[in-house]
Trainee: 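Encoded as structure tokens, here's the structure I'll be asking about.
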Amino acid sequence: MSVLKIITIPHPTLKKIAKLVTKFNAELEQFVNDMIETMYAEDGVGLAANQVNILKRIVVVDCSDERNEPLALINPVITPLSDEIEDLEEGCLSIPEMRAGPISRYTHIRVDAQNINGEPISFEAEFFLARCIQHEVDHLEGKVYIDYLSPLKRERLIVKMKKLQKEKEMEEQDEL
């Protein structure tokens, strides 16, 4: 397994719609395992293939307390099971060190997907797991959470992120 490079905004792949997975083989299994390792290495609770510059409909999540229950969803489809919405701040590995909100998400959803063997899986998810899955599936549709913010809030966040990235680059140069 290996840790993959996570791309950050404004990388163009983050705005593209991912394609359906049609080949279920050892290569897919290896890629999913690399995504899981990357998610853990970056201390994330979810990761979409778009975030590692691969336009395939694949997400991995792990919202467990022990961080030992990874879930891989291939070609996921979400259906809201309630009209109840929760507004919370969110963060994203493709927008490092930033959180913003409120972002509205359904609190109860049904997920229909395939596992890494191509077998259909269906389950219900609530609250944090539901939010995490919706966030990652948004990536597959070319959306990041800041797309839900007002243009002013979005621009402020992007400026702040660029400033932090520049400071980090300068610190890394000073260490050389």
Trainee: Please report the interatomic distance CE(M39) to CG(L4), rounded to the nearest 0.5 Å.
Mentor: 12.0 Å
Trainee: Which value, rounded to the nearest 0.5 Å, describes the distance between R67 atom CZ and Y40 atom OH?
Mentor: 6.0 Å
Trainee: Just by distance, with hydrogens left out, do Q30 and D34 show a side-chain donor and acceptor under 3.5 Å apart?
Mentor: yes
Trainee: Within the structure provided, determine whether V144 and H139 are in side-chain contact (heavy-atom separation under 4.5 Å).
Mentor: yes
Trainee: Does any N or O in the side chain of Q134 come within less than 3.5 Å of the main-chain N or O of A130, such that one atom is a donor and the other an acceptor?
Mentor: yes
Trainee: How about V52 and I6: do any of their side-chain heavy atoms sit closer than 4.5 Å?
Mentor: yes
Trainee: Would you mind reporting whether K143 and Y148 have side-chain heavy atoms less than 4.5 Å apart?
Mentor: yes
Trainee: For the OG atom of S82 and the NE2 atom of H108, what is their distance to the nearest 0.5 Å?
Mentor: 7.5 Å
Trainee: Please find the pair of heavy atoms, one from H135 and one from G91, that lie closest to each other, and give the distance.
Mentor: CE1-O, 3.3 Å
Trainee: Applying side-chain contact (heavy atoms from CB on, under 4.5 Å) to Y145 and L157, what does each step give before you reach the verdict?
Mentor: CA-CA 11 Å; Y145 78 90; L157 190 128; 4.1 Å; yes
Trainee: Working to the nearest 0.5 angstrom, can you tell me the gap between D147 CG and K15 NZ?
Mentor: 3.0 Å
Trainee: May I have the step-by-step check of side-chain contact (heavy atoms from CB on, under 4.5 Å) for I158 and R154, ending in yes or no?
Mentor: CA-CA 6 Å; I158 290 169; R154 184 172 42 249; 4.0 Å; yes
Trainee: Using only atom types and a distance under 3.5 Å, with no angle test, would you say the side chain of R131 pairs donor to acceptor with the backbone of I103?
Mentor: yes
Trainee: Check whether any side-chain heavy atom of K160 lies under 4.5 Å from a side-chain heavy atom of M98, and answer yes or no.
Mentor: yes
Trainee: Rounded at 0.5 Å granularity, tell me how far CG in L20 sits from CD in Q114.
Mentor: 8.5 Å
Trainee: Calculate, to the nearest 0.5 Å, the distance between atoms CG and CG belonging to L71 and N115 respectively.
Mentor: 10.0 Å
Trainee: Mind running side-chain contact (heavy atoms from CB on, under 4.5 Å) on E141 and R57 for me, showing each step along the way?
Mentor: CA-CA 9 Å; E141 297 300 323; R57 296 190 76 77; 2.6 Å; yes
Trainee: Can you check whether E119's main-chain N or O pairs, donor with acceptor, with N117's side chain at less than 3.5 Å?
Mentor: no
Trainee: Please tell me if the side chains of N50 and L55 come closer than 4.5 Å, counting only heavy atoms from C-beta onward.
Mentor: yes
Trainee: Heavy-atom distance under 4.5 Å between the side chains of K56 and L28, does that happen here?
Mentor: no
Trainee: Taking atom types as modelled and ignoring hydrogens, do the side chains of Q51 and S94 form a donor-acceptor contact shorter than 3.5 angstrom?
Mentor: yes
Trainee: Check whether any side-chain heavy atom of I121 lies under 4.5 Å from a side-chain heavy atom of L73, and answer yes or no.
Mentor: yes
Trainee: So, do S104 and I85 sit near enough that their side-chain heavy atoms are less than 4.5 Å apart?
Mentor: yes
Trainee: So if I apply the side chain to side chain contact (heavy atoms under 4.5 Å, CB included) rule between I109 and each of T79, I133, L81, which one comes out positive?
Mentor: I133
